[in-house]
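What follows is one structure encoded as structure tokens, with my remarks underneath.
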Number of protein chains: 2
Amino acid sequence: MTATTHHAIRERIRARIKAGEYPLGTRIPGEAEFAASFGCSRTTVNRALRALADEGIVERRRKGGTRVRPLPVPQAQLTIPLVREQVEATGRRYSHRVVVRGTASTDAAARRRMRLGDDVPLMHLETLHLADEQPFAFERRWVNLWAVPAFASADLSVLSANEWLVREVPFSSGEVSLSAAAASEQVAAVLRVEPGAALFTLDRTTWLDEAAITTMTLSYRPPYTLDFAI
Amino acid sequence: MTATTHHAIRERIRARIKAGEYPLGTRIPGEAEFAASFGCSRTTVNRALRALADEGIVERRRKGGTRVRPLPVPQAQLTIPLVREQVEATGRRYSHRVVVRGTASTDAAARRRMRLGDDVPLMHLETLHLADEQPFAFERRWVNLWAVPAFASADLSVLSANEWLVREVPFSSGEVSLSAAAASEQVAAVLRVEPGAALFTLDRTTWLDEAAITTMTLSYRPPYTLDFAI
DNA sequence: TAGTGGTCTAGACCACTCA
DNA sequence: GAGTGGTCTAGACCACTAG
């Protein structure tokens, strides 16, 4: 007797797909049909097919049925390291320098990312990250002082702003956006690259429940690559 | 009456954890207890807690119960979408055009990424991906013809090279590298951007066991961002 | 509008593992 | 040994959506 666990059912269906029994893009049997042919309940088939859908092997739609995905979705577990760790991983010495710190600057894009109105006080911070005293990345950050009042008087000479925040403030969720951007005059000067140079850019906004904690833009000095395996 | 869907139950438990009702590392109520207090079946609680465990929020063990994880996992699940799906997700029509195809070109960088010597025949391919007939991304690819001889005569008018390969050749592992690069004269012309424009670039090399199948460089036309949640 | 997946329920048995 | 999660079942109703 073959096992009828959701695990076994999932692997049997996966094997059929791999064997080409169900061509790519075509519809495969419904839950009820599988349940009858495997001699198990529909609930079990449902769980097996849901797992395959989570993996990106099949695509499911009500009334539309379950179809073999034309192409599997490549997924990767990506860890975003701290800048300090990125530098130290290459055997170089990390340091950082706070270039600008104040509450004067108001940035519409930052407020939009944090979904905050003009009345919320923001601390603006610009930090240069160095590897062996050479520019490595430039960070422009805004911190919500209503959410993190203590940040206004934080000592950032030892810990960078990012590390201070990670230590002091838990965050519940975040959004990350990767892109390429041309270096502005100012950023180019700080990173010592030509204006207009292509910079790998990471935007991150972090939230504690409904309150935005901080948003930042990190511009890496070329050459820089973010590598991972799939 | 509050909803008793597994989704609602999951969020209510998550909220309690966030609120500090269950301190980190401590044991939270069992499935039966939750079911009684929420007025739903144990199956529903089970699914909710399983989801939280998948997220890394809690840790479960038979007899040991369910515990709040001391630290949430700092990882992000990054899905690399297919170009076709990226385009179609924005409601535009996808198409592609093979610009260059041949075996003449030898690229040292490509061979290095694939860890192949000069004797291995490579097929070189350049493809322009379009959204509503507008340039969307430019792909430069090399395919190992020893590993995939059939690719030499593949019909790429319907399927793009990527989709053809995934259909015909399984791959076991891959390496992805994200970076920013200035547009060369040639790429700028194809993508219709200024030479030197900052392009978000994705390099991917895929392997079947020890044999490199293909390596590719995908250059996205600005503005392009790769977004994900953490 | 009919078909398919999404989900809930109540009950049951099993497997693991802590005390 | 006993408590907890893991899982299966059979039936039911609901929600979405393709045709």
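By the 30° and 60° cut-offs, the orientation of the rings of B:Phe136 relative to B:Tyr220 is perpendicular.
Atoms CZ (A:Arg67) and C1' (D:dT17) sit 13 Å apart, rounded to a whole Å. One atom, CD of B:Glu33, and another, C1' of D:dG3, lie 13 Å apart when rounded to the nearest Å. Atom CZ of A:Phe38 is separated from atom P of D:dT7 by 18 Å (rounded to the nearest Å). Per the geometry, NZ belonging to B:Lys63 stands 16 Å off C1' belonging to C:dC14, to the nearest Å. Rounded to whole Å, the distance from NE2 on A:His6 to C1' on D:dC8 is 10 Å. One interatomic measurement links the two molecules: CZ of B:Arg10 to C1' of C:dT7, which rounds to 13 Å at whole-angstrom precision. Rounded to an integer number of Å, the gap from B:Ile9 CD1 to C:dG6 C1' is 16 Å. At whole-Å resolution of the value, CD1 in B:Ile28 and P in D:dT4 are 13 Å apart.
Test B:Arg97, B:His96, B:Arg84, B:Glu139 against B:His129 for side chain to side chain donor-acceptor pair (under 3.5 Å) and you get one pass: B:Glu139.
Relative to the side chain of B:Arg62, the nucleotides D:dG6, C:dC8, C:dG5 differ in distance, and D:dG6 lies closest. Distances were taken from every side-chain heavy atom of B:Thr66 (C-beta onward) to each of C:dG5, D:dG5, D:dT9; the shortest belongs to D:dG5. Relative to the side chain of B:Thr5, the nucleotides D:dA10, C:dT7, D:dC16 differ in distance, and C:dT7 lies closest.
When both pairing distances are held under 3.5 Å, D:dA18 makes a Watson-Crick or G-U pair with C:dT1.
Between the side chains of B:Arg141 and B:Thr214, a donor-acceptor pair is found at a separation under 3.5 Å. In this model, no donor atom of one side chain and acceptor atom of the other lie less than 3.5 Å apart for B:Thr225 and A:Ser179.
Among the atoms of the strands shown, none is found under 4.0 Å from any heavy atom of B:His7.
For B:Arg27 and A:Cys40, each mapped to the nucleotide of DNA chain D holding its nearest heavy atom, the one lying further toward the 5' end belongs to B:Arg27.
Although no hydrogens or angles enter the test, the distance criterion places a donor-acceptor pair under 3.5 Å between the side chain of B:Arg221 and the main chain of B:Arg192.
With respect to A:Arg115 and A:Glu175, a salt bridge is recorded, a charged nitrogen being found less than 4.0 Å from a carboxylate O. A salt bridge links B:Glu55 with B:Arg14: at least one charged nitrogen is closer than 4.0 Å to a carboxylate oxygen.
Near-neighbour residues of DNA chain D inside residues 43-51 of chain B, defined by a heavy atom below 4.0 Å, number-ordered: B:Asn46.
Neither OP1 nor OP2 of D:dG5 sits under 4.0 Å from any side-chain N or O of B:Arg42. At least one side-chain nitrogen or oxygen of A:Arg61 sits closer than 4.0 Å to the OP1 or OP2 atom of D:dA18.
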